[in-house]
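Structure first, commentary second.
Treat the numbers as computed from the prediction; the structure is a model and nothing was measured. Numbered from 1 within each chain, the chains take letters A, B, ... in sequence-line order.
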There are 2 protein chains.
Amino acid sequence: MKRNTWQREAVRTALTTSEGFVSAQVLHSHLRDQGSPIGLATVYRALSSLESEGEADTLQQDGESLYRACTPGTHHHHLICRTCGKTVEISADPVESWAQKVAAENGFTQAEHVVDVFGTCAECSAALAEPGRVV
Amino acid sequence: MKRNTWQREAVRTALTTSEGFVSAQVLHSHLRDQGSPIGLATVYRALSSLESEGEADTLQQDGESLYRACTPGTHHHHLICRTCGKTVEISADPVESWAQKVAAENGFTQAEHVVDVFGTCAECSAALAEPGRVV
DNA sequence: GGCGGTTTTGACAATCATTATCGATAAGCG
DNA sequence: CGCTTATCGATAATGATTGTCAAAACCGCC
């Protein structure tokens, strides 16, 4: 049976209030800063649980897993600022059908795909374009 | 100055003759099996070197990096069998333009993207569909 | 409210890929 | 051939993640 613990809620909340993608370690630190005595292992477990339930998205970067809360049940992708980490959820219908078509043409079944777009958001672009204005 | 060592050549060759994506560890084992006394650290160095020179593609899976030789200089994506690891290079022109458009619409610049399609290839689909025929 | 069976937690150890270290080796050049 | 220095390789170090297991928390039920 699946149980309802305040720890799982705490992780879900912390994830929801985070701006972009966060690592398990960072999320754990945040929770500790807020006074939660939650354990690191529990954060890892809660995150993978949330992921398999479709309440969180994940991506790998530099050999660590980053997580982000997202609308449950919907399939979508992300546009991520590589400087400030801001994340925009994007729908990618044309890509969905393209992926299915390509897979089918090569005899592949059960196609899944990983699609993420990294870029520099307007603010960060502006900041980087101004040589005189150091942050 | 950049030097030419047989070790780098060995890694490049081993990568080229591999079927799909391979991990650094596996590649190292293969080289050892073939009689090379090459060191593990060297394989890692050679692989990241090849990657930054555009002679190899890389992707992260389960917290480990997988590499594959690919045509230098060309931009493309992969269709990967999640069972046998077979890899097909695919061009994704519609996705390229879609990614650029989406990035631009959200004010993002310098857009890069990660696009990989995982599936089960025809052979593996057939194998899995036959409960009686265990491999 | 109290009880029992089970799940979950949490501190810590273990694991595993990758990276750093550093003396030894050998590539390229004159 | 000898020198300079990039590269190698064995091993230690790192760091994220997972396993372990006793103690505590949760839930349905009485």
### Query
Atom CG of B:D62 to atom C1' of D:dT18: distance rounded to whole Å?
13 Å
### Task
Check the pair A:Y44 / A:H28 against ring-ring contact (aromatic ring centres under 6.0 Å, His included), numbers first and verdict last.
CA-CA 9 Å; A:Y44 275 101; A:H28 177 239; 8.6 Å; no
### 5′-ward residue of the pair B:S48/A:W6 relative to DNA chain C
A:W6
#### Entry: Modelled atom types, side-chain donor and acceptor of B:S29 and B:Q25, under 3.5 Å
no
### Query
In whole Å, what is the span from the CG atom of B:L40 to the C1' atom of D:dC8?
13 Å
### Message
By nearest heavy atom, map B:A24 and A:P37 onto DNA chain C; which one lands nearer the 5' end?
### Response
A:P37
### Message
Between A:Y44 and D:dT18, is there a contact of a side-chain N or O with OP1 or OP2 at under 4.0 Å?
### Response
no
### Message
Could you tell me how far apart B:H28 (NE2) and C:dT18 (P) are, to the nearest whole angstrom?
### Response
13 Å
### Task
Would you check if A:Y67 and A:L27 make a side-chain contact, meaning some heavy-atom pair closer than 4.5 Å?
no
### Message
Tell me the interatomic distance from A:E64, atom CD, to D:dT17, atom C1', rounded to whole angstroms.
### Response
11 Å
### Query
Got a donor-acceptor pair under 3.5 Å from the side chain of B:R3 to the base of D:dT7?
no
### Query
At under 4.0 Å, does any side-chain N or O of B:T5 touch on OP1 or OP2 of C:dA27?
no
### Query
Roughly how many Å is it from CD in A:Q61 to P in D:dT17, rounded to a whole number?
12 Å
### Query
Any side-chain N or O of A:S65 under 4.0 Å from OP1/OP2 of D:dT17?
yes
## Note on the structure
Taken to the nearest whole Å, CZ/B:R8 to P/C:dG28 is 11 Å
### Message
How many whole angstroms separate atom CE of B:M1 from atom C1' of D:dC3?
### Response
12 Å
### Query
If only side-chain N and O atoms of B:Q7 are considered, is one of them under 4.0 Å from the OP1 or OP2 phosphate oxygen of D:dG9?
yes
## Note on the structure
To the nearest angstrom, the CZ-P distance between B:R32 and D:dC8 comes to 14 Å
### Query
B:T5 and B:E9: side-chain donor and acceptor closer than 3.5 Å?
no
### Query
Are OP1 or OP2 of D:dC8 and a side-chain N or O of B:T42 less than 4.0 angstrom apart?
no
### Query
DNA chain D: A:N4 or A:Q25, which has the more 5' nearest nucleotide?
A:Q25
#### Entry: Side-chain-base donor-acceptor pair under 3.5 Å for A:R45 and C:dG10
yes
### Message
Students often mix this up, so state it plainly: with edges at 30° and 60°, are the rings of A:H77 and A:H113 parallel, tilted or perpendicular?
### Response
tilted
